[in-house]
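Structure first, commentary second.
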Amino acid sequence: MKNRQWLLARRPSGPIQDSDFNFVETDAPTPGAGEVLVRTLMLSCDPTQRRWIAFDTYLPAVKIGEVVRSGGAGRIEMSNNSDFKVGDIVVGLVGWQDYVAMNPKDQLNKLPPGAPLELAMSALSMNGITAYFGLLEVGRPVAGETVVVSGAAGATGSVAGQIAKIKGCHVIGIAGGAEKCRWLTDEAGFDAAIDYKSEDVQARLKELCPKGIDIFFDNVGGDILDAALAQLAMRGRVVLCGAIANYNATDWPPPGPKNYLNLLLKRGRMEGFSVYDYMPRAAEARGALAGWVHAGKIKYLVDVQHGLENAPATLRRLFDGRNEGKQLLRVAE
Ligand code: NAP
């Protein structure tokens with residue numbers, strides 16, 4: 001069995017290029033004692049991968065010459081572990097490759113038989129769990145409050161906004177393009193949407209949030225964060241989920257928010273969090289999310305591209321907003 005792999009060739013500068021990686025072919029590994037051989041079926045594309053290949057984060061940076069780290073789902077092809085049998089579908093850090101030999105102790109989790117893969121890898125995945133704990137534990141919404149979400153049409157933002165609606169909040173999404181904004185208001189039930197590519201975000205926030213923003217769930221950072229800080233309500237909370245506008249920056253660190261002193265004036269709170277801290281409670285989030293999806297209260301979109309050879313190009317889609325919902329890459333049927 002041949003194993004195609006994408007190896008990191010150099011640390012990217014600016015937007016990733018195919019030449020930042022080498023696409024190689026080798027033999028599939030043989031699982032050792034206690035290990036399983038996983039055939040990658042679907043890869044999860046995540047903005048944080050741009051950071052993993054650049055520098056140490058909450059995980060050590062991928063080394064030059066190593067397989068690019070990636071979440072994904074796969075099927076067990078061989079098993080030397082009595083808890084996993086051939087045919088089981090698992091999710092974990094499988095990497096940009098066809099096959100990986102892994103010890104299931106390295107955070108490989110079985111999906112329940114028959115679980116829809118696209119749902120498991122979108123609204124019920126790390127993205128859904130991030131939205132759940134970020135909004136509920138860090139943002140702490142109260143019914144009637146005004147919640148603004150950036151990156152609102154994406155995998156994490158779309159779920160965060162819909163949970164805020166479930167909790168009785170007035171919810172405004174910020175996204176790029178008329179079609180994404182239409183999806184937010186017409187399909188996902190947001191009260192309003194701002195197209196940051198064609199509208200003045202600060203002026204629109206003033207108009208749509210006359211009493212200020214109680215919770216800003218931020219996936220983007222940069223100018224959008226500044227616009228939201230300027231419109232913060234008294235005791236407003238900024239949930240620092242991500243800052244994708246900065247991830248391709250060549251000058252690191254990027255400039256801080258200009259309007260941070262509004263936190264002082266408004267007795268506000270800006271708090272970052274990592275979903276990894278909440279993984280011991282993942283089942284709680286998945287249970288709630290699954291119930292809401294089943295009840296039609298959370299809508300989700302997946303954008304499935306095809307072919308391991310397209311891994312860098314598919315990851316790039318996140319950075320120019322071409323992904324329509326959760327970006328996935330189908331590697332095998
Ligand atoms: P996503 O939102 O599905 O995709 C990324 C989106 O970002 C794109 O669709 C694009 O939407 C938007 N974007 C890209 N460049 C932008 C720019 N310069 N300015 C404004 N918007 C831009 O991705 P995701 O996986 O759900 O991740 C969203 C954020 O959550 C990221 O910042 C990620 O790092 C963060 N995150 C954090 C945690 C945590 O534990 N804290 C966990 C998971 C994810 P438009 O078309 O609307 O521009």
Side-chain angles (χ1 to χ4, degrees), residues 14-16 43-54 57-59 70-71 118 121-139 148-163 172-184 188 190 193-199 201 216-228 238-249 254 270-279 281-282 285 300-305 314-329:
I16 58 162
L43 290 170
S44 171
C45 299
D46 297 286
T48 195
Q49 289 176 273
R50 172 65 182 80
R51 289 154 51 77
W52 287 345
I53 57 179
T57 55
Y58 47 92
L59 293 177
S70 176
E118 292 180 358
M121 294 187 71
S122 56
L124 304 191
S125 73
M126 290 291 234
N127 298 103
I129 298 169
T130 301
Y132 181 90
F133 288 113
L135 184 77
L136 298 181
E137 301 267 318
V138 185
V148 174
V149 181
S150 63
T156 309
S158 61
V159 177
Q162 290 177 88
I163 298 174
I172 293 138
I174 305 175
E179 177 48 30
K180 288 190 180 184
C181 288
R182 188 207 63 77
W183 185 81
L184 288 173
F190 283 51
I194 301 172
D195 174 3
Y196 75 90
K197 289 186 175 165
S198 69
E199 296 185 277
V201 175
F216 177 50
F217 189 101
D218 191 22
N219 290 305
V220 167
D223 292 343
I224 291 180
L225 170 60
D226 261 320
V238 176
V239 180
L240 199 50
C241 178
I244 192 168
N246 293 321
Y247 293 173
N248 281 329
M270 181 159 162
E271 185 176 338
F273 74 101
S274 168
V275 66
Y276 281 84
D277 297 343
Y278 293 96
M279 289 325 280
R281 292 172 58 192
Y300 64 97
L301 280 179
V302 290
D303 179 331
V304 184
Q305 300 293 306
T314 308
L315 183 58
R316 253 191 317 264
R317 290 170 67 83
L318 296 170
F319 294 89
D320 50 26
R322 269 180 299 153
N323 62 309
E324 291 172 9
K326 174 65 191 180
Q327 185 67 69
L328 299 173
L329 180 65

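All values below were derived from every heavy atom in this structure, side-chain atoms included, with hydrogens, water molecules and symmetry-related copies excluded. Counting starts at 1 for both ligands and their atoms, in listed order. Start at 1 with the first residue, then count along the sequence.
Atoms of ligand 1 found under 4.0 Å from any heavy atom of N127, numbered from 1 in the order shown, are 24 (P), 25 (O), 26 (O). Less than 4.0 angstrom separates some heavy atom of S274 from each of these atoms of ligand 1: 40 (O). Those atoms of ligand 1 with a heavy atom of F273 less than 4.0 angstrom away are 39 (C), 40 (O), 41 (N). Counting atoms of ligand 1 from 1 in the listed order, those under 4.0 Å from a heavy atom of A175 are 47 (O). Atoms of ligand 1 found under 4.0 Å from any heavy atom of V275 (numbered from 1 in listed order, with element): 39 (C), 40 (O). Heavy-atom proximity to A243, at under 4.0 Å, picks out these atoms of ligand 1: 32 (O). Of all the atoms in ligand 1, the ones that sit under 4.0 Å from a non-hydrogen atom of L318 are 4 (O), 5 (C), 6 (C), 7 (O), 8 (C), 10 (C), 14 (C). Shown in contact with G154 at under 4.0 Å from a heavy atom are these atoms of ligand 1, numbered in order with element: 1 (P), 2 (O), 3 (O).
The shortest separation from a heavy atom of A153 to ligand 1 is not under 4.0 Å, leaving the residue out of contact. Within the structure, the closest approach of M126 to ligand 1 does not fall below 4.0 Å when heavy atoms are considered. Residue-ligand proximity: G177 is placed with every non-hydrogen atom at 4.0 Å or more from ligand 1. Using a 4.0 angstrom heavy-atom cutoff, Y247 counts as in contact with ligand 1. Under the 4.0 angstrom criterion for non-hydrogen atoms, C241 is in contact with ligand 1.
When C45, S150, G176, G325 are ranked by how near their heavy atoms come to atom 45 (P) of ligand 1, first place goes to G176. The option from K180, E324, K326 that lies nearest to atom 46 (O) of ligand 1, judged by heavy atoms, is K180. The option from Y278, Y196, F133 that lies nearest to atom 22 (C) of ligand 1, judged by heavy atoms, is Y196.
In terms of protein heavy atoms, atom 43 (C) of ligand 1 is closest to T130 OG1, 3.6 Å. Among protein heavy atoms, the minimum distance from atom 16 (C) of ligand 1 is reached at I244 CG2, 3.9 Å. Nearest to atom 15 (N) of ligand 1 among the protein's heavy atoms is F319 O, 3.6 Å. The closest protein non-hydrogen atom to atom 29 (C) of ligand 1 is N219 OD1, 3.4 Å. For atom 23 (O) of ligand 1, the closest non-hydrogen atom of the protein is P47 CG, 3.6 Å. Looking only at protein heavy atoms, the nearest one to atom 3 (O) of ligand 1 is A155 N, 2.8 Å.
Geometrically, ligand 1 and N323 share a nitrogen or oxygen pair separated by less than 3.5 Å. Of the polar atoms of Y276, none of the N or O atoms is found under 3.5 Å from an N or O of ligand 1, judged by distance alone. In terms of polar-atom proximity, T156 is counted as a contact of ligand 1, with an N or O under 3.5 Å from an N or O of the ligand.
Residue K326 comes nearest to C45 through the heavy atom pair NZ-O, 3.4 Å, listed as atom of the first residue, atom of the second, then distance. In this structure, Y300 and S122 approach most closely via the heavy-atom pair CD1-OG, 3.3 Å.
For the residue pair S150 / N219, no side-chain donor-acceptor distance below 3.5 Å is found, with atom types taken as modelled. Looking only at atom types and distance, the side chain of Y58 has a donor-acceptor partner in the side chain of T48 under 3.5 Å away.
A distance of 11.5 Å separates CG of D218 from CD1 of I244, quoted to the nearest 0.5 Å.
Looking only at side-chain heavy atoms (C-beta outward), Q305 and D303 come within less than 4.5 Å of each other.
Side chain of R50 to main chain of G14: a donor-acceptor pair is present (N/O by atom type, distance under 3.5 Å, no hydrogens or angles).
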Test side chain to side chain contact (heavy atoms under 4.5 Å, CB included) applied to I174 and I224, step by step:
CA-CA 9 Å; I174 305 175; I224 291 180; 3.9 Å; yes
